[in-house]
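Scroll down for the structure; my scribbles are underneath it.
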Amino acid sequence: MIKIVKKIVHLESLLSDVRSVKKKISLVPTMGNLHKGHLSLVEKAKKISDYVVVTIFVNPTQFVEGEDFANYPRTLDSDINLLSELDVDLLFVPEVIELYPTNDNTPTIEISNPELESIHCGKYRPGHFKGVATIVSKLFSIVQPNIALFGEKDYQQLLIIRSLVKNLLLPIEVVSAPTIREDSGLAMSSRNTYLSKSEFRQAPKLYKCIKETIKMIRNGDKDYEQLEKEANIFLEQAGFKVEYYSICDSKTLAPAGDDDAIVLVAAWLGKTRLIDNARVHTYD
Ligand code: PAF
């Protein structure tokens with residue numbers, strides 16, 4: 001049966017028992033309002049470790065001023081049901097004061113790769129990735145997992161966390177899992193609940209556009225700037241407000257060269273900010 005704890009001391013005492021019998025611990029950090037994307041991470045965690053810890057914490061420091069921290073969907077009861085069905089071992093649901101005990105909600109972790117932090121989502125959400133790095137570092141230090149799992153939908157976040165682990169020499173294996181999509185192609189996201197019915201029907205055009213760009217590149221089109229321009233026009237005409245649409249190198253997120261490119265996009269549909277991505281050569 002799933003154990004649910006709110007306090008770090010209780011979490012640490014349970015985990016020290018688990019560690020003493022040499023079980024491999026995995027961590028799936030979330031902000032709750034769980035959907036199939038999160039559940040696929042949990043399922044993967046179960047396959048590759050002996051003890052699965054899920055955290056649900058809406059982290060204030062990664063929300064930029066004016067964003068949806070207060071309204072972020074909080075659905076703890078149904079999240080607990082979903083995690084119980086998957087037989088998760090431990091759920092950590094701390095209050096803000098538990099993780100930010102000095103009540104100083106400023107991110108404390110400097111990202112070792114400022115380049116990566118300031119482009120794409122970082123440009124439009126200044127400070128967001130510092131907040132993510134801060135909370136993920138805190139969770140790593142409390143849980144000390146052997147493995148930590150993150151979704152590929154937040155691709156830039158994934159790269160920043162990988163770089164954090166590498167730079168701090170943390171003995172944690174970062175494992176990613178592919179984006180889970182609705183039948184329409186729309187990437188699953190907790191924020192999709194903000195979409196109206198008609199926006200929900202419109203939103204899959206984002207992925208349709210990415211697929212079209214990838215098709216063009218695979219057919220030999222190398223004029224990435226032009227492809228980005230065309231995608232912007234398509235999306236604006238479809239009712240999106242595009243923040244960025246970039247064909248970039250999947251390791252550095254700098255403008256793409258010839259190999260291993262990824263298409264990354266962030267766009268608003270009404271009041272909902274959507275992000276999505278797909279790798280050019282491995283996508284099918
Ligand atoms: O991806 C998320 O849900 C959050 O950014 C994370 C990693 C749980 C940190 O708050």
Side-chain angles (χ1 to χ4, degrees), residues 6 8 11 26-42 44-45 52-64 67-76 78-79 82-83 88 90-100 105-109 111 113 116-117 120-122 124-143 145 147-165 168 170 172-180 187-194 264 266 272-277:
K6 288 181 157 191
I8 295 172
L11 179 99
S26 62
L27 168 67
V28 183
T30 81
M31 299 209 298
N33 194 24
L34 303 180
H35 52 70
K36 285 186 188 156
H38 299 110
L39 302 184
S40 76
L41 292 173
V42 172
K44 190 159 188 179
V52 179
V53 181
V54 175
T55 63
I56 295 182
F57 180 67
V58 184
N59 171 39
T61 65
Q62 69 187 78
F63 289 80
V64 174
E67 287 190 344
D68 54 342
F69 173 67
N71 303 328
Y72 195 84
R74 288 159 170 89
T75 54
L76 189 57
S78 71
D79 291 348
L82 291 168
L83 296 174
V88 161
L90 180 55
L91 171 62
F92 182 47
V93 277
E95 301 286 343
V96 173
I97 193 75
E98 190 71 8
L99 292 183
Y100 293 97
N105 282 3
T106 48
T108 45
I109 298 290
I111 294 181
N113 190 338
L116 205 50
E117 175 197 11
H120 309 308
C121 283
Y124 294 92
R125 305 183 72 191
H128 164 70
F129 287 120
K130 274 202 180 81
V132 170
T134 300
I135 194 62
V136 169
S137 305
K138 285 178 191 244
L139 293 173
F140 282 173
S141 97
I142 300 164
V143 177
I147 301 170
L149 295 97
F150 298 89
E152 287 163 16
K153 181 176 153 283
D154 294 293
Y155 190 80
Q156 191 172 4
Q157 166 174 286
L158 176 65
L159 289 196
I160 284 171
I161 291 167
R162 282 194 193 285
S163 129
L164 179 104
V165 165
L168 295 180
L170 299 176
I172 298 173
E173 185 190 349
V174 175
V175 170
S176 71
T179 303
I180 304 292
M188 290 200 185
S189 159
S190 301
R191 288 189 168 98
N192 287 356
T193 51
Y194 298 156
L264 290 184
T272 312
R273 185 176 186 273
L274 300 169
I275 58 171
D276 203 351
N277 68 75

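Counting starts at 1 for both ligands and their atoms, in listed order.
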Inset, instruction - State, without any angle test, whether Y72 and N59 hold a side-chain donor-acceptor pair at a distance under 3.5 Å. - result: no
Inset, instruction - Using distance alone, determine whether T30 and ligand 1 share an N or O pair under 3.5 Å. - result: no
Legend entry - Closest protein heavy atom (residue, atom, distance) for atom 7 (C) of ligand 1: Q157 NE2, 3.5 Å
Inset, instruction - Please report the closest heavy-atom contact between I142 and F92, naming both atoms and the distance. - result: CD1-CE2, 4.5 Å
Legend entry - Atom indices of ligand 1 within 4.0 angstrom of P29 heavy atoms, with elements: 8 (C)
Inset, instruction - Provide, to 0.1 Å, the distance between atom 3 (O) of ligand 1 and the closest protein heavy atom, together with that atom's residue and name. - result: M31 CG, 3.7 Å
Legend entry - atom 9 (C) of ligand 1 [closest protein heavy-atom partner, distance rounded to 0.1 Å]: Q62 OE1, 3.3 Å
Inset, instruction - Would you kindly specify which portion of I161 sits under 4.0 Å from ligand 1, judged on non-hydrogen atoms: side chain, backbone, both or neither? - result: neither
Legend entry - Minimum side-chain heavy-atom gap K153-S189 below 4.5 Å: yes
Legend entry - Taking every non-hydrogen atom, the tightest pair across M31 and I56: C-CG2, 4.0 Å
Inset, instruction - Run the salt-bridge test on K130 and E117 with the 4.0 Å N-O cut-off and return the result as yes or no. - result: yes
Legend entry - From R125, H128, R273, residue fulfilling side chain to side chain donor-acceptor pair (under 3.5 Å) relative to E67: R125
Legend entry - Proximal atoms of ligand 1 relative to I135 (non-hydrogen, under 4.0 Å): 9 (C), 10 (O)
